[in-house]
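Down below is the structure, laid out as structure tokens.
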Amino acid sequence: MHTDIQEILFTQEQISERIRQMGAAITRDYAPRVAAGEDVVMMCVLRGAAIFMADLARAVELPLEMDYMAVSSYGSAAKSSGVVRIAKDLSGSIQGKHLIIAEDIIDSGLTLSYLRKNLASRGPLSIEVAAMLRKDVARPEEVPCRYLGFDCPNEFIVGYGLDFAERYRNLPYIGVLKPEIYQ
């Protein structure tokens with residue numbers, strides 16, 4: 001698996017430190033809301049963000065609910081199909097709660113734009129995005145991201161939850177996949 005990686009962009013240590021910082025920022029920002037009796041829901045966009053959200057949730061020092069959605073615009077392809085579909089919806093209601101969407105990577109922005117519109121119609125008090133990565137690409141629509149791990153180059157990125165054909169998610173770092181693997 002490691003030999004398929006062209007370059008390591010972010011080490012396990014860099015990721016851990018950045019998530020600690022993100023968790024501290026979320027704790028600081030939401031502490032007054034929780035103190036006022038308002039609920040916070042952290043929602044994972046499956047499957048890519050599962051590892052990220054698990055680590056991020058543990059770095060937040062506030063009570064929060066956790067929920068999950070499976071949404072895709074990729075399927076098994078290396079490029080987005082342009083069509084977003086919900087394979088698994090939230091289990092609980094977000095009405096009257098603060099929602100933090102945990103996403104692995106902001107690429108085209110298509111999935112997050114769709115999700116924000118869909119979830120806003122469900123009546124949350126607020127919606128923010130916490131993304132591990134944001135690719136350096138032009139987007140048809142800019143997606144606001146309040147909590148960002150790292151900006152990354154426009155390469156095929158794997159590891160720390162990110163995959164190619166369901167492989168490489170379990171790498172402890174984030175790296176660039178060699179082109180000969182996915183072409």
Worked verdict on R122 versus D89 for salt bridge (Lys or Arg N to Asp or Glu O under 4.0 Å): CA-CA 12 Å; R122 302 180 192 197; D89 207 341; 2.9 Å; yes

Test side-chain contact (heavy atoms from CB on, under 4.5 Å) applied to Y68 and M53, step by step: CA-CA 10 Å; Y68 306 85; M53 186 172 106; 3.7 Å; yes

Salt bridge (Lys or Arg N to Asp or Glu O under 4.0 Å) between D4 and K178, intermediate numbers included: CA-CA 6 Å; D4 293 347; K178 289 179 180 174; 6.0 Å; no

Stepwise side-chain contact (heavy atoms from CB on, under 4.5 Å) test for L133 and L162: CA-CA 10 Å; L133 299 169; L162 295 150; 3.5 Å; yes

Worked verdict on R134 versus R139 for side-chain contact (heavy atoms from CB on, under 4.5 Å): CA-CA 11 Å; R134 179 175 53 201; R139 289 176 193 78; 3.1 Å; yes

Test side-chain contact (heavy atoms from CB on, under 4.5 Å) applied to I157 and Y168, step by step: CA-CA 10 Å; I157 309 296; Y168 308 102; over 6 Å; no

Verdict with reasoning, K97 to E38, per salt bridge (Lys or Arg N to Asp or Glu O under 4.0 Å): CA-CA 7 Å; K97 299 176 182 180; E38 298 172 354; over 6 Å; no

Worked verdict on E128 versus R146 for salt bridge (Lys or Arg N to Asp or Glu O under 4.0 Å): CA-CA 6 Å; E128 297 293 350; R146 183 157 186 177; 3.5 Å; yes

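The backbone N or O of E180 lies less than 3.5 Å from no partner atom in the side chain of Q183, so there is not a single donor-acceptor pair. Distance alone, capped at 3.5 Å, is enough to place a donor-acceptor pair between the T27 side chain and the E61 backbone. Proximity of a side-chain donor or acceptor of R18 to a complementary backbone N or O of G149 within less than 3.5 Å is detected. A donor-acceptor pair is defined here as one N or O able to donate and one able to accept, closer than 3.5 Å; no such pair exists between the side chain of S113 and the backbone of L110. Side-chain atoms of K135 never come within 3.5 Å of backbone atoms of I105 as a donor-acceptor pair (strictly under, hydrogens ignored).
Note: C152 SG to M132 CE = 9.5 Å, rounded to the nearest 0.5 Å. In this structure, Y182 OH and F156 CZ are separated by 7.5 Å, a value rounded to the nearest 0.5 Å. In this structure, CD1 in I106 is found 10.5 Å from OG1 in T111, a value given to the nearest 0.5 Å. Here L62 contributes atom CG and H98 contributes atom NE2; the two are 11.5 Å apart, rounded to the nearest 0.5 Å. Atoms CE and CG, on M1 and L177 in that order, are 11.5 Å from each other to the nearest 0.5 Å. Between L9 atom CG and Q14 atom CD the span is 9.5 Å, to the nearest 0.5 Å.
Taking both residues in full, the closest heavy atoms of P172 and I15 are given as O-CD1, 4.0 Å, listed atom of the first, atom of the second, then distance. The nearest pair of heavy atoms linking Q6 to P179 is OE1-CD, 3.2 Å. Between S93 and Q95, the shortest heavy-atom distance links the atoms OG-N, 3.1 Å. Pairing each heavy atom of I174 with each of G159, the nearest pair is CG1-O, 4.1 Å. When every heavy atom of A49 is checked against every heavy atom of A102, the shortest pair comes out as CB-O, 3.4 Å. Scanning both residues, M22 and A131, for their nearest heavy atoms gives CE-O, 3.8 Å.
The shortest distance between side-chain heavy atoms of L119 and M43 falls below 4.5 Å. A 4.5 Å side-chain heavy-atom check between R116 and P144 finds at least one atom pair inside the cut-off. When side chains are defined from C-beta on, I127 counts as touching P124, because their heavy atoms get closer than 4.5 Å. At a threshold of 4.5 Å between non-hydrogen side-chain atoms, the residues L115 and M69 count as touching. Taking the side chain as every heavy atom from C-beta outward, D163 and R47 never approach each other to under 4.5 Å. Side chains of L171 and I5 form a contact here, defined as non-hydrogen atoms less than 4.5 Å apart. With contacts defined as side-chain heavy-atom distances shorter than 4.5 Å, the pair M66/V41 does not qualify. Counting heavy atoms from C-beta outward, L56 and I26 have side chains that approach closer than 4.5 Å.
Side-chain heavy atoms closer than 4.5 Å link hydrophobic residues (I, L, V, M, F, W, Y) into clusters, and following such links, even through other members, never connects L148 to I101. Cluster annotation: L46 is connected to M42 through the hydrophobic network of ILVMFWY side chains, with a link wherever side-chain heavy atoms come within less than 4.5 Å. Hydrophobic clustering (side-chain heavy atoms under 4.5 Å, transitive across Ile, Leu, Val, Met, Phe, Trp, Tyr) groups L112 together with I86.
For Y173, the ring-ring contact (aromatic ring centres under 6.0 Å, His included) partners two or more places apart in sequence, or in a different chain, are H2. Residues passing the ring-ring contact (aromatic ring centres under 6.0 Å, His included) test with F150 are F10, sequence neighbours excluded. Judged as a salt bridge (Lys or Arg N to Asp or Glu O under 4.0 Å), and not counting sequence neighbours, R167 has no contacts.
The aromatic rings of Y30 and Y147 are tilted relative to each other, their planes meeting at an angle between 30° and 60°.
Neither side chain, Y160 nor D104, offers a donor N or O lying under 3.5 Å from an acceptor on the other.
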